[in-house]
Amino acid sequence: MARFTPPVAEPTTAQNLAGIAAALISAATLTINDGLSKLASESLPTSQIIVLRGVVAVLIILAVAPLLGEAGLSNLRWMRKPSVSFRVFSEVGATILYLTALFHLPIASATMIQQTLPLAVTAGAALFLGAKVGWRQWVAIAIGFLGVAIILRPGPDGFNMWLFVALASIGFMTLRDLATRVMPPNVSTLAVTLLTMMATSLLGLVLAMGESWIVPTPRDLIIIAGAAAFLIFGFFFLIAALRDADVGIVAPFRYSSVLWAVAIGYVIWGDIPDGPTILGAVIVIGAGLYTVHRQRLAAKRKKAEDPAS
């Protein structure tokens, strides 16, 4: 497999500020999408939600693309880019696993598991992209996954496999984020989002062969349409946040999704995370923030040693 080379140009202040804004919007919209999807799961099977949400999302993208000057989205030439096809594959895997787990877990618990993503991306960048990761960062990664172990502890009802399904989805999300960082700059963000939704919908159809479909009510359709809209915004801004900005600056703001998840879980289902879950999440987030801090220090040292880099 060809080795991808991440972009080397240092992001400008404007790009970093735009990345922070995109990360905040992405965290909010993706979490709201999760909440609406989970709400739909109370009356519809998983595969049907995936298909219907995906189809609505594709229709919305095709409708707004001309308004954004991207009328040529029907040309899927972008799929020939290895980084794009790999990102789409990773996103599909992440979507299936995460939604399956989300429909069986409190939204706050599933979202807290997601906070291991920056740690996993740091480790993945070292293993697959040749990024330099110091021993302090590896210790922070290990501590972060200790926090995950606290979240994953068996509850009073015994072993909860859905927490591990949520954790497995992080592996695909890690591959997705790494692929996003190495996509060519001329690849259309909206085109990648469109490809992702089409691929996810097709896989949903395959999974639906083993389930009985239910005629959705008007309420179900409204919820799914809302989930699709928020999902599109979330994907679009997530890609925008990762492509041009400094990941070390942007990453901490993605943790805002925890606040949204706790609020949505409490308002809709009355869920309140217990003490160990909150403790585990604090450890994970703290380890992630420390890892980001070390990355920033390393980048500053490298620039000081070689201003031309």
Side-chain angles (χ1 to χ4, degrees), residues 26 29-30 33-62 65 73-105 110 113-114 117 120 161-162 164-180 183 187-216 220-221 223-236 238-239:
S26 173
T29 51
L30 286 176
N33 153 70
D34 286 346
L36 291 173
S37 298
K38 183 174 176 63
L39 197 60
S41 73
E42 296 176 356
S43 56
L44 297 175
T46 300
S47 62
Q48 190 171 347
I49 293 172
I50 292 172
V51 173
L52 292 176
R53 189 185 68 170
V55 170
V56 173
V58 168
L59 293 176
I60 293 175
I61 292 173
L62 293 177
L73 283 183
S74 58
N75 185 348
L76 302 183
R77 65 189 185 281
W78 302 114
M79 196 65 182
R80 295 199 298 266
K81 303 289 185 182
S83 56
V84 175
S85 57
F86 192 68
R87 188 197 187 281
V88 171
F89 164 79
S90 302
E91 184 67 75
V92 170
T95 297
I96 300 299
L97 288 175
Y98 182 71
L99 283 182
T100 302
L102 175 66
F103 296 164
H104 294 85
L105 293 171
I113 290 291
Q114 271 193 322
L117 183 57
M161 64 169 287
W162 301 115
F164 286 86
V165 174
L167 184 61
S169 72
I170 300 302
F172 284 94
M173 293 180 190
T174 301
L175 297 175
R176 174 201 68 193
D177 284 6
L178 292 176
T180 301
M183 286 194 309
V187 172
S188 165
T189 295
L190 202 60
V192 175
T193 305
L194 175 63
L195 286 168
T196 300
M197 297 314 307
M198 292 174 65
T200 304
S201 299
L202 288 174
L203 183 57
L205 283 174
V206 173
L207 296 176
M209 294 179 181
E211 294 181 339
S212 298
W213 276 48
I214 299 173
V215 178
D220 292 332
L221 293 176
I223 291 174
I224 290 174
F230 280 109
L231 182 65
I232 292 170
F233 279 112
F235 277 169
F236 183 86
L238 175 61
I239 295 171

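What you are looking at is a predicted structure, and each value in this text was computed from that prediction instead of being measured.
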Can you name the closest pair of heavy atoms from Pro216 and Leu221 and give their distance?
CG-CD2, 3.7 Å

Please list, chain by chain and in numerical order, all residues satisfying side chain to side chain contact (heavy atoms under 4.5 Å, CB included) with Phe233, sequence neighbours excluded.
Thr29, Phe237

By salt bridge (Lys or Arg N to Asp or Glu O under 4.0 Å), which residues pair with Asp177, not counting sequence neighbours?
Arg254

Could you list the residues that satisfy side chain to side chain contact (heavy atoms under 4.5 Å, CB included) with Pro45, not counting sequence neighbours?
Gln48, Glu211, Ile214

Look up atom CG in Leu175 and atom OG in Ser90, then write down how far apart they are to the nearest 0.5 Å.
4.5 Å

Between Gln114 and Tyr98, does the side-chain contact (heavy atoms from CB on, under 4.5 Å) criterion hold? Intermediate values first, please.
CA-CA 9 Å; Gln114 271 193 322; Tyr98 182 71; 3.7 Å; yes

What's the shortest heavy-atom distance between Ala40 and Ile49, and which atoms?
C-CD1, 3.7 Å

Approximate separation, where rounding is to 0.5 Å, of Leu102 CG and Thr95 OG1:
11.5 Å

The side chain to side chain contact (heavy atoms under 4.5 Å, CB included) partners of Leu36 (sequence neighbours excluded) come to Ile32, Ile223, Ala227, Phe230

Filter on salt bridge (Lys or Arg N to Asp or Glu O under 4.0 Å), then keep only pairs touching residues 190-201, sequence neighbours left out; what's left?
none

Provide the full list of salt bridge (Lys or Arg N to Asp or Glu O under 4.0 Å) pairs with a residue in residues 44-58, sequence neighbours left out, each pair given once.
none

Test of understanding: with side chain to side chain contact (heavy atoms under 4.5 Å, CB included), list the residues that count as partners of Ala225, not counting sequence neighbours.
Val56

Residue list, ring pair (Phe, Tyr, Trp, His ring centres under 6.0 Å) with Trp162, at least two apart or on another chain:
His104

Nearest 0.5 Å, please: how far is CD1 in Ile224 from CG in Leu52?
4.5 Å

Please list all pairs meeting salt bridge (Lys or Arg N to Asp or Glu O under 4.0 Å) that have one or both residues in residues 91-104, counting only residues at least two apart or in different chains.
Arg87-Glu91, Glu91-Arg176

Quick check against the 3.5 Å criterion: does Ser26 have a side-chain atom that pairs as donor or acceptor with the backbone of Gly234?
yes

With sequence neighbours left out, which residue pairs that include part of residues 193-206 fulfil the side-chain hydrogen bond (donor to acceptor under 3.5 Å, both in side chains) condition?
none

Atom pair CD1/CG of Ile232 and Asn33 - distance to nearest 0.5 Å
10.0 Å

Could you give me the CA-CA distance, side-chain angles and deciding distance for Thr46 and Ser41, then say whether side-chain contact (heavy atoms from CB on, under 4.5 Å) is met?
CA-CA 6 Å; Thr46 300; Ser41 73; 5.8 Å; no

Any side-chain heavy-atom pair of Ile113 and Leu105 under 4.5 Å
no

For Asp34, does its backbone N or O pair with a side-chain atom of Ser37 as donor and acceptor, under 3.5 Å?
no

Determine the minimum heavy-atom distance between Met197 and Gly54, stating which atoms define it.
CE-CA, 3.7 Å

Thr180 and Leu238: CA distance, side-chain angles, deciding distance, side-chain contact (heavy atoms from CB on, under 4.5 Å) verdict:
CA-CA 9 Å; Thr180 301; Leu238 175 61; over 6 Å; no

Which value, rounded to the nearest 0.5 Å, describes the distance between Leu203 atom CG and Ile96 atom CD1?
4.5 Å

So how far is it from Leu39 CG to Asp220 CG, rounded to the nearest 0.5 Å?
9.0 Å

